[in-house]
Amino acid sequence: MKIAFLLTAALALPSSNFAIKDSHVVPNGWVELSDAPLDHKLDLQIGIKQENIDALISTLYKVSDPSSPDYGKHLTQQQVSDLIAPKQSTIDAVYAWLKNNGVEGGVLNANKDWLSVTVTVDQAQKMLNTKYKVYQHQESKVVAVRTPSFSLPKYVHHHIDLIQPTTKFTSIPKKIAKSPKTSAPKKLSVSSCDNGVTPQCLNDLYNIGGYTPSSSKSIVGVTGYLGQYANQADLSQFLQSYQPNAASSYSFSTVLVNGGTNPQDSGSAGTEADLDVEYVGALTYPTKHVFYSTGGSPPYIPDANESSNDNEPYLDWLNYMLAQPDGSIPQTITTSYGDDEQTVPYSYAVRVCNDFAQLGARGVSLLFSSGDGGVSGGQYGTCKSNDGKNTREFLPTFPASCPYITAVGGTTGVPETAAGLSSGGFSNYFGTPSYQSANVQSYLKTLGSTYKGLYNATGRGIPDVAAQATGFTIVNQGYETSVDGTSCASPTFAGVVSNLNDYLLGQGKPPLGFLNPWLYSKGFNGLNDITSGSNPGCNTNGFSAGKGWDPVTGLGTPNFKTLQTLV
Ligand SMILES: *[C@@H]1O[C@H](CO)[C@@H](O)[C@H](O)[C@H]1NC(C)=O
Ligand SMILES: *[C@@H]1O[C@H](CO)[C@@H](O)[C@H](O)[C@H]1NC(C)=O
């Protein structure tokens with residue numbers, strides 16, 4: 001009797017058998033304020049274990065490597081989804097776990113690999129055997145409800161890749177430097193660049209030759225997060241001054257993701273978003289141009305019963321994009337947001353990176369700015385490891401460190417040298433991918449023992465390419481101003497890539513898709529190698545640009561007409 005009773009009790013409480021699923025040290029700069037209110041609502045995003053990720057990655061390489069017979073044979077949405085969709089038994093196990101916790105509903109995405117469900121902190125704490133706290137980022141004052149560690153019952157452990165918001169601390173809005181328009185312009189040797197960077201300057205410097213897209217099949221995308229809104233009136237004013245051949249009716253279309261908005265009052269116009277749409281618009285006019293505004297941002301209000309909607313925006317955006325039918329998504333997308341890699345939980349970085357690989361397999365070229373802190377990484381770079389040991393080290397940035405995207409660093413002046421702000425270095429999460437290993441080895445050989453211990457010699461090298469990153473003239477809130485940052489470089493390089501894609505599509509060929517295997521094997525012949533300058537930080541001079549690939553400017557800046565002959 002006694003044994004039977006114990007058995008029954010154990011069966012009735014299968015969830016008592018917890019094991020830690022994920023943990024991540026609270027990033028530097030965040031402090032604990034209080035326990036999280038039990039009635040605060042969380043929109044939990046449950047990443048269900050995908051199948052065949054290895055096959056997805058090998059397919060990505062096959063369709064992106066010009067030496068492969070499958071080059072350009074991009075997958076359809078359905079093919080990607082069929083390849084990686086979780087097993088039904090996996091999905092059932094996740095639902096059973098929710099049910100055991102009295103949680104009903106849950107919304108499964110089109111690919112059946114993300115399940116979102118709204119629960120209270122009280123429910124989440126029981127489901128995840130953890131304790132949520134309210135944390136604040138000291139410098140930005142951003143507040144978030146998070147936990148550095150959580151557990152899952154063993155029976156569901158291997159069916160789930162990750163759950164957020166848990167260990168991932170909210171992205172901090174990245175500020176791009178604004179320099180006053182009165183600062184003395186550098187003397188440049190391309191006359192159209194004499195008064196700072198404009199579309200005409202980039203056209204001349206990067207040998208774009210006034211290319212006018214005409215395929216009518218290309219689409220270029222700009223992502224906006226964290227309350228950065230793109231303003232149509234600012235774009236029109238900018239084009240009138242700097243690209244007068246663009247029709248006054250030319251505009252971007254707006255796609256709102258996960259409760260995103262894009263208010264058009266002048267006061268809401270964001271510097272980052274305006275910069276992106278103005279340069280992408282000027283360089284790719286009249287290409288169809290989409291601005292994605294993804295909701296999900298702080299501030300969190302600790303005592304409201306409302307859901308704070310502070311999910312990680314890349315996940316929401318990716319979820320949205322991965323569900324879109326073929327033909328509706330841009331062939332080229334630029335994103336100017338990033339975090340220090342170490343602030344991003346490993347499980348999250350891997351899943352997001354694999355999700356980027358899905359877009360790459362479908363033929364999308366994804367470009368990300370590398371960051372603005374030189375070797376110290378992002379804006380709040382501390383140059384200290386986040387593992388509790390506070391080891392002094394250079395900080396790589398994410399998503400730039402994901403090997404399935406193209407990271408864009410920065411240059412300055414003409415002739416071009418590396419911009420000091422250009423973040424670059426080596427990932428601690430992702431190993432050196434084969435497409436760049438010869439380049440990285442050769443750079444490390446030149447570097448010798450310099451900075452030993454400050455960087456990871458087996459990591460993915462960042463960035464892949466570069467473009468101008470200082471003194472960009474933009475219109476924001478009706479006024480001209482000048483901005484700096486790799487936020488300028490990514491839309492610039494994306495503009496060139498979009499034109500290459502347009503050129504290919506016009507000939508009935510597939511777009512370039514994931515760029516790196518092509519860039520490192522062929523495309524580099526159409527890039528200007530940047531061989532001087534460095535990216536100082538962490539009380540060092542940083543890495544130096546040099547002949548060939550380097551962790552400041554990558555393979556270099558574009559020469560459009562030469563690239564056109566190489567595609
Ligand atoms: C939140 O909801 C609970 C009950 O649902 C209520 O008792 C509490 O007062 C609410 N808190 C706020 C700040 O509205
Ligand atoms: C260095 O990078 C590799 C990936 O190539 C990773 O496995 C390793 O943990 C990293 N080392 C450190 C100290 O982060």
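The chain is numbered in sequence order, starting from 1. Counting starts at 1 for both ligands and their atoms, in listed order. All values reported here derive from a predicted model rather than from experimental measurement.
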Exercise. How far apart are the C-alpha atoms of Asp355 and Gln358, what are their side-chain angles, what is the distance that settles it, and do they pass the side chain to side chain donor-acceptor pair (under 3.5 Å) test?
Worked result: CA-CA 5 Å; Asp355 284 359; Gln358 293 186 51; 3.0 Å; yes
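By the 3.5 Å distance cut-off applied to N or O atoms, Thr432 is not counted among the residues near ligand 2. Geometrically, ligand 2 and Thr458 share a nitrogen or oxygen pair separated by less than 3.5 Å.
Checking Phe398, Phe356, Tyr337 one by one against Phe368, the ring pair (Phe, Tyr, Trp, His ring centres under 6.0 Å) holds for a single residue, Phe356.
Set against the non-hydrogen atoms of Asn456, the atoms of ligand 2 under 4.0 Å away are 1 (C), 2 (O), 3 (C), 8 (C), 10 (C), 11 (N), 12 (C), 14 (O). In the vicinity of Gly431, heavy-atom distances shorter than 4.0 Å reach the ligand 2 atoms 4 (C), 5 (O).
Closer than 4.0 Å to atom 13 (C) of ligand 2 lies none of the heavy atoms of the protein. In this structure, atom 7 (O) of ligand 2 is not in close contact with the protein, since no protein heavy atom lies within 4.0 Å of it.
No side-chain heavy atom of Pro86 sits less than 4.5 Å from a side-chain heavy atom of His159.
Other residues, nucleotides and ligands contribute only 12 or fewer heavy atoms inside 6.0 Å of the OH atom of Tyr346. Within a 6.0 Å sphere centred on NZ of Lys133, other residues, nucleotides and ligands contribute more than 12 heavy atoms.
Both the backbone and the side chain of Asn428 come within 4.0 Å of ligand 2, counting heavy atoms alone.
For Asp550 and Thr553, the side-chain atoms include at least one donor-acceptor pair closer than 3.5 Å.
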